[in-house]
Amino acid sequence: MTTRIVVKIGSSSLTGPEGGLNREAVAFFAAEIAALRKDSCEVLLVTSGAVAAGFRGIGYASRPKLLHEKQAAAAVGQVMLMQAYQEAFAGHGIPTAQILLTRTDFCSRRAMNNAMMTVEELLRQGAVPVFNENDTVSVDELKFGDNDTLSALVANLLKASHLLVLTDMDGVYSGDPRKHPDAVRYQHIEEITPEIYAIAGGAGSSVGTGGMRSKIDAAKIATRGGVPVFVGRVTEPGDLSQAAAGTGKGTYFATTLSSLPVKKQWLGFMSTPLGSLYVDDGAVEALLHGGHSLLPVGVRRIEGSFHSGDVVEVLGPDAQLLGRGIVNYDDTQLRSIQGLPSREIVPKLGEVHRLEVIHRDEWITLR
Ligand SMILES: Nc1ncnc2c1ncn2[C@@H]1O[C@H](COP(=O)(O)OP(=O)(O)O)[C@@H](O)[C@H]1O
Ligand SMILES: N[C@@H](CCC(=O)OP(=O)(O)O)C(=O)O
């Protein structure tokens, strides 16, 4: 069985500190990916660097901060980026293809199925699909925020064997090494806890976007979808194959979970919850360990306004996120039955199509 690998390359690895595209870096990564493919791996590439590559070409002295300026720079830089990859991979006899996505695309099952079919065909034909966010049409609140998240969504969707997130640090440290010289590197992170989030800071270089926090977010999404993750540096020939083999210069996030059906991926990582349900300890046990549905008796507090069929998030008594699900009541109905045993629901509301607040089949654990 072919090993399918998603490689994400951050801006910090593709551009200089003053911006502009480092074409030698593009050629280096193309050679690394070509070597992986010789080891009978399929490789999908998620690349940043469009904004960083393009901003000087459109007259900005430094990487823009305003959304429309970033979008203009990306529109210029994306052409430069793809041209550089096309030339670099052509030297290895590998065709490249451009896939531009936005978060809105991921919310559409139809768009995702179309994208998946295109990507599977490209892989069958021996091409390297090169993904980036479609910065021209993304808007601030909908942007992935960074390509780390995009790479995790792609890895889950295409059921990758590994996600390799390449950056300018050789892994996740106990603090940003730029600010904490005594920080120590984690070789492996078994569980992504609030303490791990606490050590992950923002972007390091002048061209980065997501920082280590977004890489932790991406690792959480990918491992939840059954994809192990590497975050680290690839600077010498052979480093990428080492990263894929588990001996890379970085941090590994393992997972024992299986890949998720597209519906659960959408529910967990692409949907927008319209409400929050706070539940009691009994409901926490039922949802996290019992494999049960959420019943009205376990609901303690409701926030937001929503209709039956919308997505809501569910939180425990400690306000920690437990997961997301499709709710079977609107918020008004649910407020009138919260805390009631199931036998009292029909007398209270009349006939309902489902007693469960969230049915197990329409639930995803995110804890
Ligand atoms: N705990 C941490 N461990 C390692 N790097 C960290 C940590 N917290 C913040 N960082 C910063 O995250 C940066 C990598 O993210 P970013 O700047 O977005 O790079 P990229 O362009 O590769 O995505 C590092 O250069 C580093 O300065
Ligand atoms: N679409 C943007 C992505 C920016 C981004 O995510 O940057 P990074 O944090 O360096 O991966 C670009 O190509 O510049």
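Both ligands and their constituent atoms are indexed starting at 1 by order of listing.
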Engineer: Number the atoms of ligand 2 from 1 as they appear, then name those within less than 4.0 Å of a heavy atom of Ser48, with their elements.
Structural biologist: 3 (C), 5 (C), 6 (O), 7 (O), 8 (P), 10 (O), 11 (O), 13 (O)
Engineer: Pairs of nitrogen or oxygen atoms closer than 3.5 Å, one from Val172 and one from ligand 1: do any exist?
Structural biologist: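 No, since none of the N or O atoms of Val172 sits under 3.5 Å from an N or O of ligand 1.
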Engineer: Quick one: does Gly49 get a heavy atom under 4.0 Å from ligand 2?
Structural biologist: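 Checking ligand 2 against Gly49, which is what was asked, there is a heavy-atom contact under 4.0 Å.
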Engineer: Who else is in Val51's hydrophobic cluster (ILVMFWY, side-chain heavy atoms under 4.5 Å, direct or via others)?
Structural biologist: none
Engineer: As an exercise, identify every atom of ligand 2 less than 4.0 angstrom from a heavy atom of Gly10.
Structural biologist: 10 (O), 11 (O)
Engineer: If you measure every N/O of Ala50 against every N/O of ligand 2, is any gap under 3.5 Å?
Structural biologist: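 In this structure, Ala50 places an N or O atom under 3.5 Å from an N or O of ligand 2.
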Engineer: Considering only NZ, NE, NH1 and NH2 on the basic side and carboxylate oxygens on the acidic side, decide whether Arg213 and Asp217 come within less than 4.0 Å.
Structural biologist: no
Engineer: Is any N or O atom of Ser12, backbone or side chain, closer than 3.5 Å to an N or O atom of ligand 2?
Structural biologist: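 Looking only at distances, the answer is no, because the N/O contact criterion of under 3.5 Å is not met.
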Engineer: Does some side-chain heavy atom of Leu287 sit less than 4.5 Å from a side-chain heavy atom of Thr365?
Structural biologist: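 They are not in contact (no side-chain heavy atoms under 4.5 Å apart), so the answer is no.
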Engineer: Tell me whether Ser13 has any N or O atom under 3.5 angstrom from an N or O of ligand 1.
Structural biologist: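 It does not: no N or O of Ser13 is found under 3.5 Å from an N or O of ligand 1.
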Engineer: Measure the shortest side-chain to side-chain distance between Leu45 and Phe131 over non-hydrogen atoms and say whether it is less than 4.5 angstrom.
Structural biologist: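 With C-beta onward as the side chain, the pair stays apart.
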Engineer: Determine whether the side chain, the backbone, both or neither of Lys8 has a heavy atom under 4.0 Å from any heavy atom of ligand 2.
Structural biologist: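 Just the side chain.
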Engineer: Under 4.0 Å from ligand 2, counting heavy atoms only, is it the side chain of Asn132, its backbone, both or neither?
Structural biologist: side chain
Engineer: When clusters are formed from ILVMFWY side-chain contacts under 4.5 Å, directly or step by step, what else is grouped with Val79?
Structural biologist: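 Besides Val79, the hydrophobic cluster comprises nothing; the residue is isolated.
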Engineer: Is any NZ, NE, NH1 or NH2 atom of the basic residue among Glu42 and Arg4 found under 4.0 Å from an Asp or Glu carboxylate oxygen of the other?
Structural biologist: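 Salt bridge present between Glu42 and Arg4.
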Engineer: Quick one: look at Asp135 and ligand 2, take heavy-atom pairs under 4.0 Å, and tell me if it's side chain, backbone, both or neither.
Structural biologist: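 Answer for Asp135: side chain.
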Engineer: Flag Asp146 as yes when one of its N or O atoms lies below 3.5 Å from any N or O atom of ligand 2, and as no otherwise.
Structural biologist: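 No; every N/O pair is 3.5 Å or more apart.
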Engineer: Does the side chain of Thr193 come under 3.5 Å of the side chain of Glu195 through a donor N or O and an acceptor N or O?
Structural biologist: yes
Engineer: We want to know whether Gln78 and Asn132 form a side-chain donor-acceptor pair, criterion being a heavy-atom distance below 3.5 angstrom.
Structural biologist: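 Looking only at side-chain atoms, Asn132 and Gln78 do form a donor-acceptor pair, the distance falling under 3.5 Å.
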Engineer: Looking only at side-chain N and O atoms, does Tyr186 offer a donor or acceptor that is under 3.5 Å from a partner on Ser174?
Structural biologist: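 Checked: Ser174/Tyr186 side chains show no N/O donor-acceptor pair below 3.5 Å.
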Engineer: Please verify whether a non-hydrogen atom of Ser48 lies at under 4.0 Å from ligand 1.
Structural biologist: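 Distance cut 4.0 Å: Ser48 fails for ligand 1.
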Engineer: Does some non-hydrogen atom of Ser174 fall short of 4.0 Å from ligand 1?
Structural biologist: no
Engineer: Taking the side chain from Glu69 and the backbone from Pro64, do they hold a donor-acceptor pair closer than 3.5 Å?
Structural biologist: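 Side chain of Glu69 to backbone of Pro64, a donor-acceptor pair under 3.5 Å: no, none is there.
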Engineer: Yes or no: does Lys215 have any heavy atom under 4.0 Å from an atom of ligand 1?
Structural biologist: yes
Engineer: Has ligand 2 got any nitrogen or oxygen that is less than 3.5 angstrom from a nitrogen or oxygen of Arg63?
Structural biologist: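 Among all N and O atoms of Arg63, none is under 3.5 Å from an N or O of ligand 2.
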Engineer: Which of the numbered atoms in ligand 1 are under 4.0 angstrom from any heavy atom belonging to Lys8?
Structural biologist: 23 (O)
Engineer: Name the option, out of Ile196, Ile9, Asp170, Thr167, that contains the heavy atom nearest to atom 22 (O) of ligand 1.
Structural biologist: Thr167
Engineer: Assess the side chains of Thr247 and Gln242: does a donor N or O sit below 3.5 Å from an acceptor N or O?
Structural biologist: yes
Engineer: Can a non-hydrogen atom of His180 be found less than 4.0 Å from any atom of ligand 1?
Structural biologist: no
Engineer: Met169 heavy atoms, cut-off 4.0 Å: which ligand 1 atoms fall inside?
Structural biologist: 5 (N), 24 (C), 25 (O), 26 (C)
Engineer: Check whether Arg185 reaches the backbone of Lys249 with its side chain - one donor and one acceptor, N or O, closer than 3.5 Å.
Structural biologist: no
Engineer: Flag Gly211 as yes when one of its N or O atoms lies below 3.5 Å from any N or O atom of ligand 1, and as no otherwise.
Structural biologist: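 For ligand 1, there is an N or O atom that lies under 3.5 Å from one belonging to Gly211.
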